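To start, the structure itself, in structure tokens.
We're numbering straight along the sequence, starting at 1. Keep in mind that the numbers below use all heavy atoms, side chains included, and drop hydrogens, waters and symmetry copies. Remember, predicted model here, so these are calculated numbers, not experimental data.
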Amino acid sequence: GEVVQRLRGFLGERTMEMRHADLGALLERVLEARRTRAGVMGVALQRRPHAPLPAAWIDPVQIEVVLRNLVDNAIEAAAAGAAPAQVTVE
């Protein structure tokens, strides 16, 4: 409930645009967009190779916002901890 309400508040009155999207490609795009920020903060950002993620019926914009927030929070927490700082997405 509360997370959904916050997300709606953050995205405003944007209507959901559901479609099949490649979750692996979406995650890679988020990680690439955050890699420089992580490096500036002294955090190594990596993704462990594993089986490809499936396509899913989602609103890619909303899922990207959620993934960016999760990765940003992980980077900030890792930077505040002991060195060497690292965030690994599995």
Side-chain angles (χ1 to χ4, degrees):
E2 182 180 342
V3 172
V4 172
Q5 288 176 347
R6 280 187 182 181
L7 184 58
R8 285 183 180 152
F10 179 74
L11 293 172
E13 295 300 318
R14 184 183 170 280
T15 54
M16 292 181 64
E17 295 180 22
M18 303 295 286
R19 62 183 170 98
H20 272 93
D22 181 341
L23 290 173
L26 184 61
L27 178 58
E28 286 301 323
R29 191 165 54 244
V30 168
L31 294 177
E32 189 58 36
R34 293 304 190 239
R35 207 168 301 283
T36 300
R37 180 174 188 264
V40 167
M41 295 178 74
V43 177
L45 180 60
Q46 65 181 21
R47 180 176 182 214
R48 280 208 181 130
H50 53 76
L53 294 173
W57 188 253
I58 59 172
D59 180 328
V61 172
Q62 288 187 1
I63 297 303
E64 184 169 341
V65 168
V66 170
L67 289 173
R68 284 178 183 255
N69 285 335
L70 288 171
V71 171
D72 283 346
N73 290 344
I75 291 168
E76 290 171 12
Q86 178 174 317
V87 171
T88 303
V89 178
E90 295 186 18

Checklist outcome for this item: Here the gap from Glu28 atom CD to Leu23 atom CG, rounded to the nearest 0.5 Å, amounts to 12.0 Å
Checklist entry - Can we say Glu32 and Arg47 salt-bridge, meaning some charged N sits less than 4.0 Å from an Asp/Glu carboxylate O? => result no
Next on the checklist: Do Val65 and Val30 sit in one hydrophobic cluster, given that two such residues count as connected whenever their side-chain heavy atoms are within less than 4.5 Å of each other, even indirectly?
Outcome noted: no
Next on the checklist: Could you see if Leu53 belongs to whatever hydrophobic cluster contains Met18? Use Ile, Leu, Val, Met, Phe, Trp, Tyr and a side-chain cutoff under 4.5 Å.
Outcome noted: no
Checklist entry - For Leu45, does its backbone N or O pair with a side-chain atom of Arg35 as donor and acceptor, under 3.5 Å? => result yes
Checklist entry - Are Met41 and Val87 co-members of a hydrophobic cluster defined by side-chain heavy atoms under 4.5 Å apart? => result yes
Item to check | Nearest-0.5 Å distance that lies between atom CD1 in Ile58 and atom CZ in Arg19 | outcome: 8.0 Å
Checklist entry - CD of Gln46 to CD of Glu90: how many Å apart, nearest 0.5 Å? => result 9.0 Å
Item to check | ILVMFWY cluster, Val66 and Val71 together (side-chain gap under 4.5 Å) | outcome: no
Checklist entry - How long is the gap from CZ on Arg68 to CZ on Arg37, to the nearest 0.5 Å? => result 11.0 Å
Checklist entry - How close do Gly42 and Ala85 get, heavy atom to heavy atom, and via which atoms? => result O-CB, 3.6 Å
Checklist entry - If you round to the nearest 0.5 Å, how far is CG of Leu70 from CD1 of Ile75? => result 11.0 Å
Checklist entry - Is there a donor-acceptor contact under 3.5 Å linking the side chains of Gln86 and Thr88? => result yes
